[in-house]
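This one's a predicted model, so the numbers in the text were calculated from it and none came from an experiment. Throughout, residue positions are numbered sequentially from 1 according to the sequence presented.
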Amino acid sequence: MLVRAILIIVAGLIGASATAQPSDSTAAIMPKPVCSGHLGESVAINAAPLTVEMLGGSYRAHPGWPHPGEARVDQLRYSSAVMLRSDDPRFTDFDLSPGPVHSRTSGCWFSWTSIQGKSGIAGISDAGIGRSGYVDGFVPARPAVTPDIVGYSFVAADDNVHRDSYTWIGVWNAKGLAERSRVVAFDGKRFLILATLPVRLGAISKLSDLHSQAYFLTLIGEGKLGQKVAWIRLVWP
């Protein structure tokens with residue numbers, strides 16, 4: 001009887017221990033952060049123009065074009081860009097940029113009004129907590145296979161690209177801490193490097209031009225706390 005009682009007690013302890021341990025699937029589920037700010041809340045964000053030359057591009061003259069010509073960064077056309085900075089701790093670690101930009105660590109979306117200058121965006125105003133850049137329930141697609149870009153690591157991509165048989169367009173950051181990234185069009189078998197930029201990126205989104213085969217690309221930098229982050233708009237082709 002004594003042995004049987006000991007076995008029952010031991011079995012009970014093992015069962016209690018097993019019950020107390022969370023399953024792997026439960027431990028892996030992490031709730032998404034909820035933004036601590038309210039819609040329309042002002043956030044101090046400074047912006048300075050980021051010229052095509054600062055991105056490693058140049059102006060390419062064409063017959064009949066006025067000086068200085070078309071602004072291009074490798075195979076992409078330069079539209080506009082700014083370098084953003086904020087001391088707000090929520091303005092960091094960006095992973096989505098369909099227009100407004102999203103912080104994965106704070107859960108906040110940030111938006112602003114662009115001030116147009118002679119050569120693109122000259123600055124921003126009315127910066128603050130904005131609405132999501134996507135409809136409720138939308139989850140950005142992620143490619144099952146990505147090409148191996150030597151010296152770079154995959155960051156993010158946008159799908160439904162229909163140009164030259166490519167189906168995705170994405171960004172890769174240089175391995176290590178180098179301030180360098182690449183914009184790449186790819187499918188399951190091949191890839192095309194469209195541009196190399198002197199910044200690290202956190203996200204890319206594309207918008208099709210209804211009147212041509214062009215794609216408008218919006219890119220946001222990684223977003224290190226208290227440091228400058230690039231927000232760039234380019235066009236392919």
Within the 4.5 Å heavy-atom criterion, are [X] and [Y] side-chain neighbours or not?
X	Y	value
Ile232	Leu55	yes
Arg90	Ile129	yes
Trp231	Val101	yes
Glu222	Asn173	yes
Ile124	Ile45	yes
Trp112	Pro100	no
Tyr134	Leu96	yes
Ile121	Gln116	yes

> Can you name the side chain to side chain donor-acceptor pair (under 3.5 Å) partners of Arg77, sequence neighbours left out?
Replying inline: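 Here no residue qualifies.
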Quick check against the 3.5 Å criterion: does [X] have a side-chain atom that pairs as donor or acceptor with the backbone of [Y]?
X	Y	answer
Asp74	Thr196	yes
Ser86	Ala44	yes
Asp209	His211	yes
Arg104	Gly107	no
Gln227	Lys224	no

Please report the interatomic distance [atom1]([X]) to [atom2]([Y]), rounded to the nearest 0.5 Å.
X	Y	atom1	atom2	result
Phe191	Asp148	CZ	CG	8.0 Å
Leu39	Cys108	CG	SG	11.0 Å
Asn160	Lys206	CG	NZ	5.5 Å
Ile115	Ser125	CD1	OG	4.5 Å
Asp87	Thr92	CG	OG1	11.5 Å
His162	Thr167	NE2	OG1	8.5 Å

>> Under a 4.0 Å threshold between the charged nitrogen and the carboxylate oxygen, would Asp187 count as salt-bridged to Lys189?
In response: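 A salt bridge is absent here (no side-chain N lies under 4.0 Å from a carboxylate O).
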>> Check Glu70 with Arg60, please: is the shortest side-chain N to carboxylate O separation under 4.0 Å?
In response: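 So Arg60 does not pair with Glu70 through a salt bridge.
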>> Students often mix this up, so state it plainly: with edges at 30° and 60°, are the rings of Trp109 and His102 parallel, tilted or perpendicular?
In response: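 Ring orientation of Trp109 relative to His102: tilted.
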Using only heavy-atom distances, determine whether the side chains of [X] and [Y] contain a donor-acceptor pair under 3.5 Å.
X	Y	result
Tyr166	Arg190	yes
Ser181	Arg200	no
Tyr152	Arg180	yes
Arg233	Ser80	no

If Ile, Leu, Val, Met, Phe, Trp and Tyr residues are connected whenever their side-chain heavy atoms lie under 4.5 Å apart, and connections chain through other members, are [X] and [Y] in the same group?
X	Y	value
Val161	Phe186	no
Ile220	Leu50	no
Ile169	Phe216	no
Val73	Met54	yes
Leu197	Val171	yes

>> Could you work out, with ring pair (Phe, Tyr, Trp, His ring centres under 6.0 Å) as the rule, every residue matching Phe91, not counting sequence neighbours?
In response: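 Phe91 satisfies ring pair (Phe, Tyr, Trp, His ring centres under 6.0 Å) with Phe94, Phe110 only.
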> So, Trp65 versus Tyr59, ring centres under 6.0 angstrom or not?
Replying inline: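 No: the rings miss the under 6.0 Å criterion.
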